[in-house]
Amino acid sequence: MKWAVIVFPGSNCDEDAASAIREVTGDEAHLIWHDASDLSDFDAIVLPGGFSYGDYLRSGAIARFSPVVEAVKREAQKGKLVLGICNGFQVLTESHLLPGALLRNDNLQFRCEMTELVVENNQSPFTADYAIGERIRIPIAHGEGRFVADDTTLAKLQTGRRVAFTYHANPNGSVQNIAGILNEQGNVLGLMPHPERAVMEWMDSVDGRRMFLSMHRYMKEARALVGANGSANS
């Protein structure tokens with residue numbers, strides 16, 4: 001499997017994400033600069049944390065105009081997996097690949113700490129290796145992580161089972177304790193916590209490993225299915 005880890009000017013978790021993917025899955029993980037226009041060669045795409053373009057206007061607001069975001073949209077429409085972590089989640093909402101918005105934390109603090117998440121949906125390519133209702137430990141590091149959405153959007157997220165994770169103890173004031181959501185097709189996940197910082201014992205948690213392993217297994221099975229159908233049709 002080949003993963004693309006997108007690098008915007010200001011990204012600072014790109015190397016961590018790529019290292020975690022290589023360590024956990026054994027797959028190739030390539031750092032892709034923001035001006036790339038073709039991601040068709042990759043099986044999955046990760047938008048990492050950081051401060052894209054300095055986040056001077058609003059987190060993710062400038063990054064949405066990068067050429068690579070149009071390429072991300074095209075691959076998402078094909079059904080490829082797209083994972084947005086922290087600033088990556090903000091970019092996904094700003095580019096309308098996910099609904100809602102991420103605003104300044106209600107406590108006006110930059111929060112950098114281990115959090116406990118509740119797995120709300122284990123039927124997605126990102127969460128299949130978790131148990132429904134399981135509590136996992138993944139760290140956060142953000143000042144603008146308060147997820148908000150209108151009532152109609154929240155109802156759609158709930159009825160569509162698109163809330164992937166909630167906070168057990170809400171650190172930022174997110175509506176309905178939401179920490180991560182899926183798109184309608186289920187192949188795009190955005191979350192504020194950093195799974196790449198929970199993949200080794202010395203990180204005080206290895207609960208992030210199963211997210212990358214879930215994605216790896218899904219892609220492997222999807223590729224095998226395509227191969228089997230190709231053989232059957234040949």
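These figures come from a predicted structure and were not determined experimentally.
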Nearest 0.5 Å, please: how far is [atom2] in [Y] from [atom1] in [X]?
X: Leu39; Y: Lys78; atom1: CG; atom2: NZ; result: 9.0 Å
X: Ser19; Y: Asp14; atom1: OG; atom2: CG; result: 9.5 Å
X: Arg58; Y: Glu144; atom1: CZ; atom2: CD; result: 9.0 Å
X: Glu70; Y: Ser37; atom1: CD; atom2: OG; result: 11.0 Å
X: Ile21; Y: His216; atom1: CD1; atom2: NE2; result: 12.0 Å
X: Leu81; Y: Trp3; atom1: CG; atom2: CH2; result: 7.5 Å

Quick one: are [X] and [Y] in side-chain contact, heavy atoms under 4.5 Å?
X: Val188; Y: Glu184; result: no
X: Val68; Y: Asp35; result: no
X: Ile181; Y: Ile178; result: yes
X: His194; Y: Ile140; result: no
X: Glu113; Y: Pro139; result: no
X: Pro171; Y: Gln109; result: no
X: Phe42; Y: Met1; result: no
X: Lys73; Y: Leu97; result: yes

Is there a path of hydrophobic side-chain contacts, each under 4.5 Å between heavy atoms, that joins [X] and [Y]?
X: Val82; Y: Trp33; result: yes
X: Val91; Y: Phe65; result: no
X: Leu191; Y: Val206; result: no
X: Leu103; Y: Leu154; result: no
X: Ile45; Y: Leu213; result: yes

Is the closest basic N to carboxylate O distance between [X] and [Y] below 4.0 Å?
X: Arg217; Y: Asp129; answer: yes
X: Arg210; Y: Asp207; answer: yes
X: Asp41; Y: Lys2; answer: yes
X: Arg223; Y: Asp43; answer: yes
X: Arg135; Y: Glu116; answer: yes
X: Arg22; Y: Glu28; answer: no

Would you find a donor on one side and an acceptor on the other, under 3.5 Å apart, between the side chain of [X] and the backbone of [Y]?
X: Arg137; Y: Gly208; value: no
X: Asn187; Y: Ala76; value: yes
X: Asn105; Y: Gly145; value: yes
X: Arg146; Y: Gly173; value: no
X: Thr93; Y: Ala101; value: no
X: Arg162; Y: Leu182; value: yes

How far apart are the closest heavy atoms of [X] and [Y], and which atoms are they?
X: Ala63; Y: Val69; result: O-CG2, 3.2 Å
X: Pro125; Y: Gly186; result: CD-O, 3.3 Å
X: Gly190; Y: Leu92; result: CA-CD1, 4.2 Å
X: Val175; Y: Ala149; result: CG1-N, 4.2 Å
X: Ile138; Y: Pro195; result: CG2-N, 3.7 Å
X: Ala4; Y: Ile32; result: CB-CG1, 3.8 Å

**OP:** Evaluate the criterion side-chain contact (heavy atoms from CB on, under 4.5 Å) for residue pair Glu134 and Ile136; output intermediate values, then yes/no.
**Re:** CA-CA 6 Å; Glu134 179 182 358; Ile136 62 174; 3.7 Å; yes
Any luck finding a side-chain donor-acceptor pair between [X] and [Y] under 3.5 Å?
X: Gln123; Y: Asn121; answer: no
X: Gln158; Y: Gln176; answer: yes
X: Asp150; Y: Thr153; answer: yes
X: Ser214; Y: Tyr130; answer: no
X: Asn122; Y: Thr127; answer: no

Original post:
What about the rings of His142 and Phe110, do their centers lie closer together than 6.0 Å?
Top reply: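 Not under 6.0 Å, so no.
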Subject >> Identified side chain to side chain contact (heavy atoms under 4.5 Å, CB included) counterpart of Ile85 within the set Val46, Leu47, Val5 >> reply: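 Exactly one pass, corresponding to Val46.
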Original post:
Any chance CD of Glu201 has more than 12 other-residue heavy atoms, nucleotides or ligands included, within less than 6.0 Å?
Top reply: no
Original post:
Got a sec: does the OH of Tyr218 have more than 12 other heavy atoms crowding it under 6.0 Å?
Top reply: no
Subject >> Test log, rule side chain to side chain donor-acceptor pair (under 3.5 Å), inputs Ser66 and Tyr53 >> reply: CA-CA 10 Å; Ser66 286; Tyr53 296 91; 2.6 Å; yes
Original post:
Could you go step by step and tell me if Asn87 and Phe89 meet the side-chain contact (heavy atoms from CB on, under 4.5 Å) rule?
Top reply: CA-CA 5 Å; Asn87 193 221; Phe89 186 12; over 6 Å; no
Original post:
Can Ile62 and Tyr56 be said to form a side-chain contact (heavy atoms from CB on, under 4.5 Å), step by step?
Top reply: CA-CA 9 Å; Ile62 300 176; Tyr56 294 117; 5.6 Å; no
Subject >> By salt bridge (charged side-chain N to carboxylate O under 4.0 Å, His left out) - contacts of Glu120 (at least two apart) >> reply: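 By the salt bridge (charged side-chain N to carboxylate O under 4.0 Å, His left out) rule, Glu120 matches no residue at all.
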**OP:** Go through the steps to decide whether Met192 and Tyr167 satisfy the test side-chain contact (heavy atoms from CB on, under 4.5 Å), and finish with yes or no.
**Re:** CA-CA 10 Å; Met192 289 310 296; Tyr167 297 107; 3.5 Å; yes
